[in-house]
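One structure follows; several queries about it will come next.
Each chain gets a letter, A, B and so on, in the order its sequence line appears, and its residues count up from 1. No hydrogens, no waters, no symmetry mates; every other heavy atom, side chains included, goes into these values.
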Number of protein chains: 2
Amino acid sequence: MKTEAEALDMIGDHFRRARLAAGLTQEQVADLAGISRPRYRDIETGAAAARATTLINVARALGLEMMLVPQAMVPAIEALLSPQGEDDRPAFSPQAEGDDE
Amino acid sequence: MKTEAEALDMIGDHFRRARLAAGLTQEQVADLAGISRPRYRDIETGAAAARATTLINVARALGLEMMLVPQAMVPAIEALLSPQGEDDRPAFSPQAEGDDE
DNA sequence: AGAATTTGATCCGCAAACATATCTCAGTAG
DNA sequence: CTACTGAGATATGTTTGCGGATCAAATTCT
């Protein structure tokens with residue numbers, strides 16, 4: 001496989017930290033996102049790749065927003081996020097580019 | 001089911017504009033992302049909610065990156081992207097918050 | 001005009017996300 | 001010790017994303 005599993009892990013970790021920072025339980029987030037608790041758990045542990053709609057709903061339930069930005073702008077955005085919000089780690093650092101394996 | 005369809009439509013529109021800006025065909029992007037052309041078409045037209053991994057692969061194939069950012073930072077990031085923004089329209093503007101429909 | 005490319009659209013089959021229910025374990029309170 | 005809560009984990013069934021193949025329509029090029 002590839003970076004996919006790592007990406008899911010990063011997403012799940014991101015969600016988990018945001019959830020704990022918000023003081024919510026898995027069930028609460030799952031309910032807010034409109035999914036079941038076992039499924040939210042799979043997402044948080046990186047065991048499942050949620051759908052785009054589920055991803056958006058979970059993110060919003062946690063006070064986050066999913067954005068698609070040009071890769072060239074990622075560093076600038078990370079710099080914008082790093083100093084202030086210490087709870088969130090930016091999403092991903094595109095190691096290389098473009099396609100997958 | 002309301003905002004979800006719109007969100008998928010926005011994602012698809014975002015991808016389509018990035019693809020045309022890059023001068024790529026649907027098949028080329030699908031190949032770069034490691035998915036089939038009919039499926040990329042579904043994503044671009046908002047007919048299907050891609051999985052998280054697929055979403056990331058497609059985004060990277062188009063020179064984009066998926067990020068999860070605090071909703072409070074969205075305006076600042078959009079401001080960062082708009083003025084010199086090469087291609088894109090930011091992702092979504094969280095109209096409300098928390099849960100979905 | 002015909003040929004090639006790009007895109008839209010459909011079907012089949014499979015794999016995976018999803019719901020629901022259940023069970024277990026760790027921790028905290030009674 | 002018992003009760004409750006948050007969380008990990010499994011099982012069954014449904015829904016749906018996905019690949020592959022195939023069709024037609026629109027576009028462009030020679």
Side-chain angles (χ1 to χ4, degrees), chain A residues 1-64 66 68 87 98-101, chain B residues 1-62 64 66 68 98-101:
Chain A
M1 315 286 293
K2 55 202 84 245
T3 25
E4 293 192 353
E6 301 173 15
L8 292 182
D9 219 54
M10 276 190 281
I11 294 174
D13 202 51
H14 199 100
F15 281 161
R16 172 178 286 264
R17 258 173 301 158
R19 177 178 64 85
L20 295 177
L24 297 171
T25 67
Q26 290 181 344
E27 190 168 18
Q28 286 173 330
V29 175
D31 191 57
L32 285 171
I35 63 175
S36 64
R37 187 182 67 87
R39 238 30 62 191
Y40 174 74
R41 177 194 156 276
D42 287 348
I43 296 172
E44 218 182 51
T45 58
R51 295 177 193 159
T53 52
T54 303
L55 205 62
I56 294 172
N57 288 334
V58 170
R60 288 185 178 167
L62 291 170
L64 300 173
M66 199 198 78
L68 292 172
D87 68 329
D99 53 335
D100 49 338
E101 47 134 43
Chain B
M1 296 297 244
K2 20 192 77 314
T3 336
E4 296 192 354
E6 301 173 14
L8 292 182
D9 219 54
M10 276 188 280
I11 294 175
D13 202 52
H14 200 98
F15 282 159
R16 172 179 287 264
R17 261 178 285 125
R19 177 177 65 85
L20 296 177
L24 297 172
T25 68
Q26 290 182 344
E27 191 168 18
Q28 286 173 329
V29 175
D31 191 57
L32 285 172
I35 64 175
S36 65
R37 188 184 66 83
R39 241 31 64 190
Y40 174 74
R41 179 196 155 273
D42 287 347
I43 296 173
E44 216 181 53
T45 58
R51 293 176 194 164
T53 52
T54 303
L55 203 64
I56 294 172
N57 288 334
V58 170
R60 288 184 176 167
L62 291 170
L64 301 173
M66 199 197 79
L68 293 171
D99 54 338
D100 54 335
E101 50 107 41

Integer-rounded Å distance: C:dT6 P and B:Glu44 CD: 14 Å
Can a donor-acceptor pair be found, under 3.5 Å and without considering hydrogens, that links the side chain of B:Asn57 to the backbone of B:Thr53? yes
Between C:dA16 atom P and A:Glu4 atom CD, what is the distance in whole Å? 12 Å
Can you check the B:Ile43 CD1 to C:dG8 C1' distance for me, whole Å? 16 Å
Residue pair B:Arg51/B:Gln26 against DNA chain C: nearer the 5' end by closest nucleotide is B:Gln26
Can you measure from CG (B:Leu55) to CD1 (A:Ile11) and round to the nearest 0.5 angstrom? 8.5 Å
Can you measure B:Arg19 atom CZ to C:dT5 atom C1' for me and round it to whole angstrom units? 13 Å
Atom CG of B:Leu55 to atom P of D:dG17: distance rounded to whole Å? 13 Å
What is the distance from CG of B:Asp31 to P of C:dT6, rounded to the nearest Å? 13 Å
Taking atom C1' of D:dA7 as reference, at what distance in whole Å does atom CG of A:Leu20 sit? 11 Å
Is it true that B:Asp42 and B:Arg39 have a side-chain N and a carboxylate O under 4.0 angstrom from each other? yes
Establish, with yes or no, whether the OP1 or OP2 oxygen of D:dT14 is under 4.0 angstrom from a side-chain nitrogen or oxygen of A:Arg39. no
Ion pair check, A:Arg37 and A:Glu27, cut-off under 4.0 Å: no
Given DNA chain D, 5'-ward residue of the pair A:Pro38 and A:Thr25, judged by closest heavy atom: A:Thr25
hbond_proxy B:Arg37 side chain to C:dG8 base (donor-acceptor, 3.5 Å cutoff): yes
When you measure from the side-chain N and O atoms of B:Arg41 to the phosphate of D:dG17, is any distance below 4.0 Å, counting only OP1 and OP2? no
So what does A:Thr54 hit on the nucleic acid, given a heavy-atom distance under 4.0 Å: a base, only sugar-phosphate, or nothing? sugar-phosphate
Could you state the interatomic distance from OG1 (B:Thr45) to OH (B:Tyr40), rounded to the nearest 0.5 Å? 10.0 Å
To the nearest angstrom, the CD-C1' distance between A:Glu27 and C:dT22 comes to 14 Å
